[in-house]
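Read through the structure below, which is laid out as structure tokens, and then see the notes.
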Number of protein chains: 2
Amino acid sequence: MTGEDEHEKTAPVITHPLSPGERPTLKTISRITGLAIATVSRALSDAPDISVETKRRVRECADHIGYQPNRAGQRLRTGKTHVVSLLMPTEPDIMSHTAQLISSIAEGLQGTAYHLVVTPYAPNEDLMRPLRHMIGTGSADAVILNQTMPEDPRVAYLMERGFPFATHGRTIWADQHAWFDFDNRRFAELGIAALARRGRRHVLIVAPPLDQLYGQDILEGITKACQIHGMTPIWLKSATSDSASKVIETAVSAALKESPEIDAILCASPMSAITAIDAAERSGRVIGRDFDAFAKEATPLLTRFRREALTLHEDVAKAGKALARAVIQAIEQLQAAPLQGMDVPYYEDPLDLSRSQS
Amino acid sequence: MTGEDEHEKTAPVITHPLSPGERPTLKTISRITGLAIATVSRALSDAPDISVETKRRVRECADHIGYQPNRAGQRLRTGKTHVVSLLMPTEPDIMSHTAQLISSIAEGLQGTAYHLVVTPYAPNEDLMRPLRHMIGTGSADAVILNQTMPEDPRVAYLMERGFPFATHGRTIWADQHAWFDFDNRRFAELGIAALARRGRRHVLIVAPPLDQLYGQDILEGITKACQIHGMTPIWLKSATSDSASKVIETAVSAALKESPEIDAILCASPMSAITAIDAAERSGRVIGRDFDAFAKEATPLLTRFRREALTLHEDVAKAGKALARAVIQAIEQLQAAPLQGMDVPYYEDPLDLSRSQS
DNA sequence: ATGAAGCACTAAAACGTTTTAGATGGAGTG
DNA sequence: CACTCCATCTAAAACGTTTTAGTGCTTCAT
């Protein structure tokens, strides 16, 4: 009876007897509601053996005083860090859409209990070291790898240890882990098709690095599409799409001299496209007249500069969001199957666009 | 006697009686060395009342078993999070050097006890909300703000609360807090001087947003330099360097029609330069012949595309490293004065470069 | 009446660290 | 001999959370 009276007294007039600067804890709620700390904790985590009425009261009180669980306490007790680590090669001195990827992963994590910490590593350094260190010190609950090779040893290591992770880019074990990727085969097919539709026949390929799966995908896509459309691919020697611009420039110039029949260029990255187009024009050819160019790009950079260039867009923000979802699912293991996704990039013909807008 | 004997016995033969998968803790070291946990802790933190010999023994043991302090434990006890939060507007669908900034801040934090967590916020949202949330939940020891306005309310708030922070970009309170910035006044002066040296007289300014201090700096620099070099600035109306490309394009076209005497363009960002040069060429002018362009850029993007464009380079990696240092100093308050730095960007004349290399 | 079962709650321990307030023992001092 | 002093070490508490193993109490079947 008196117990019920006390409840009646404290419940409506929630005055909190805590000094203003103090961060509220479970103990605070316990003091206010008169319940044990354990009860408060279990009420907030919706345990089955707490009455509905108690849960309501506790939650109300928690909302009222603005309770936020202390992560350090949780972390110490549960061993969970609430951290997702993005393992990325140190960013080179070049513009990229990596920031958008980071930003969108972090956004996707917003509202969950997880934070994104960025862990760069020197590209020439032992790939395994940062990963081992991260796992060894237990500084994250999961990893996102953003540049994976087909047989990436890190992926093998993570799978073996059963450590939650997701990759940006598939591997040969793609069916066994969470990943997100763009459909690079389709990029290649769309590119070759678009160039063929314009009557081009001899396409210079500024190839992607072949040690990564997306590179192999593009390779396959191009080969197949060239057969279908009767195109002849000329592979750029001694440079890939991520070579330094001078290397690409030299290689493109040499290729154009050697194979004057080239009337199209396909590039696996926007930056290499910029260089390649420039080199072609320096060799006296005019884009749109003497040749067409098709490039993969994540943002409207190239088209802004050369409307004549054909580009295939990738939705980087979508990739980030998907990776965030995937990695959380990997941590919580909601489902047996890892979350995977492939986004089909889209192609807009800039000639059509400029025609309709002007 | 027996106590000393035990020391003699345990010290040399360091066998660690811990199950292999277990992460070593202070308790582990305590067990191995026979010292109390408190002693081990104080030895590792180099407390004055621990003997030199004991410190040596403890450190040796710690190294041997690969002890790494449990951050959650430290965090709970000390209230320090060991987290630096980078508060950044969500990255738009555009290539940028932001990733390099993030990467280099994180690199600068490597080796310290701090991690970088990325906290994006919607640009249209209340600026204070994410900051308040961060401080309210105590989820970081310090913040880095990467786009500050001259009278940024966040900076005022942080100074008032005495919360450690550093900014990328100065404010009107620049003498009171840690910051790093590029010398944008100098960018403007160098640009105007370079254009004047080429005999140009009427320069179209694709102005930076004036609500940020770097914009005001550029404005001042241009005004002063134009006076000195006898140049006439024509300010682009209805668009700034971070407007959408279509807006910039329209505005540039209109300006060129209205002021045909324009023979130079100065742009506050590489992306706006790409658009502006394109628009000028669509109006029938040829870069290098009819006009010159000067742009601020962090990476060799623009010059790769249009060698004729003059650009001023910024060392983004240096900024990141400096911010990391500054924020750590702000946390540890090693010195009374906040760490500040201004980097002078450098200018290379691409005409000289192409002349000497080809 | 007795025991079992179930409901709603709680006390206490544990995670790993740092810090406070001593404890211990030997050396120096009166 | 009693004392202070000092150097070195330690026990215990605390940070906030979750979880284990209960405790009371009621109800219900026997």
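Just so it is clear, the structure is predicted and the values come from calculations on it, not from any experiment. By convention in this document, chain letters (A, B, ...) are assigned in the order of the sequence lines, proteins followed by strands, and residues within each chain are numbered from 1.
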Smallest heavy-atom separation, B/Gly108 atom then B/Thr112 atom, equals O-CG2, 4.2 Å

| query | Can you find a side chain N or O atom of B/Thr25 that sits less than 4.0 Å from OP1 or OP2 on C/dC15? | reply | no

Ranking B/Leu76 and A/Lys55 by the position along DNA chain C of their nearest nucleotide, the one closer to 5' is A/Lys55

Picking from D/dC9, C/dC9, C/dG16, the nucleotide nearest the side-chain atoms of A/Ser51 would be C/dC9

In whole angstroms, the gap separating P of C/dC15 from CD of B/Gln68 amounts to 20 Å

Do B/His115 and A/Ser139 meet the criterion of a side-chain donor-acceptor pair at a distance under 3.5 Å? no

Heavy-atom closest pair (A/Trp179 atom, A/His177 atom, distance to 0.1 Å) is CD1-O, 3.1 Å

Exercise for the section: Using only heavy-atom distances, determine whether the side chains of A/Thr98 and A/Glu91 contain a donor-acceptor pair under 3.5 Å. Expected result: yes

ask   = So, does A/Arg71 use its side chain to make a donor-acceptor pair with the main chain of A/Thr81 at under 3.5 Å?
value = no

Taken to the nearest whole Å, CD1/B/Ile65 to C1'/C/dG16 is 14 Å

Output one line per pair: protein atom, nucleotide atom from nucleotides 18-21 of chain C, and distance, for all N/O pairs under 3.5 Å.
| from | atom 1 | to | atom 2 | distance (Å) |
| --- | --- | --- | --- | --- |
| C/dT18 | OP1 | B/Gln74 | NE2 | 3.2 |
| C/dT18 | OP2 | B/Ser41 | OG | 2.9 |
| C/dT18 | O2 | B/Arg77 | NH1 | 2.2 |
| C/dT19 | O4' | B/Arg77 | NH2 | 3.1 |

Between CZ of B/Arg56 and P of D/dT8 the distance, given in whole Å, is 15 Å

Q: Answer yes or no: are there more than 12 heavy-atom neighbours, outside B/Arg56 itself, under 6.0 Å from its atom CZ?
A: yes

B/Arg23 CZ to C/dA14 P, in whole Å, measures 20 Å

When rounded to whole Å, the CD1 to P distance for the pair A/Ile29 and D/dG16 reads 13 Å

Can a salt bridge be assigned to the pair B/Glu53 and B/Arg57 using a cut-off of 4.0 Å between side-chain N and carboxylate O?
-> no

Of A/Asn146, A/Ile105, A/Thr148, the one forming a side-chain contact (heavy atoms from CB on, under 4.5 Å) with A/His168 is A/Asn146

Review point. Run the side chain to side chain contact (heavy atoms under 4.5 Å, CB included) check on A/Leu44 and A/Leu26 step by step: do they pass?
Key: CA-CA 10 Å; A/Leu44 288 173; A/Leu26 290 183; 3.9 Å; yes

A/Arg75 atom CZ is separated from C/dG16 atom P, nearest whole Å, by 13 Å

Between CD1 of A/Ile50 and P of C/dA8 the distance, given in whole Å, is 9 Å

Between its two end axes (five pairs each) the helix from C/dA1-D/dT30 to C/dG30-D/dC1 turns, nearest 10 degrees, through 70°

Taken to the nearest whole Å, CZ/A/Arg57 to P/C/dA8 is 14 Å

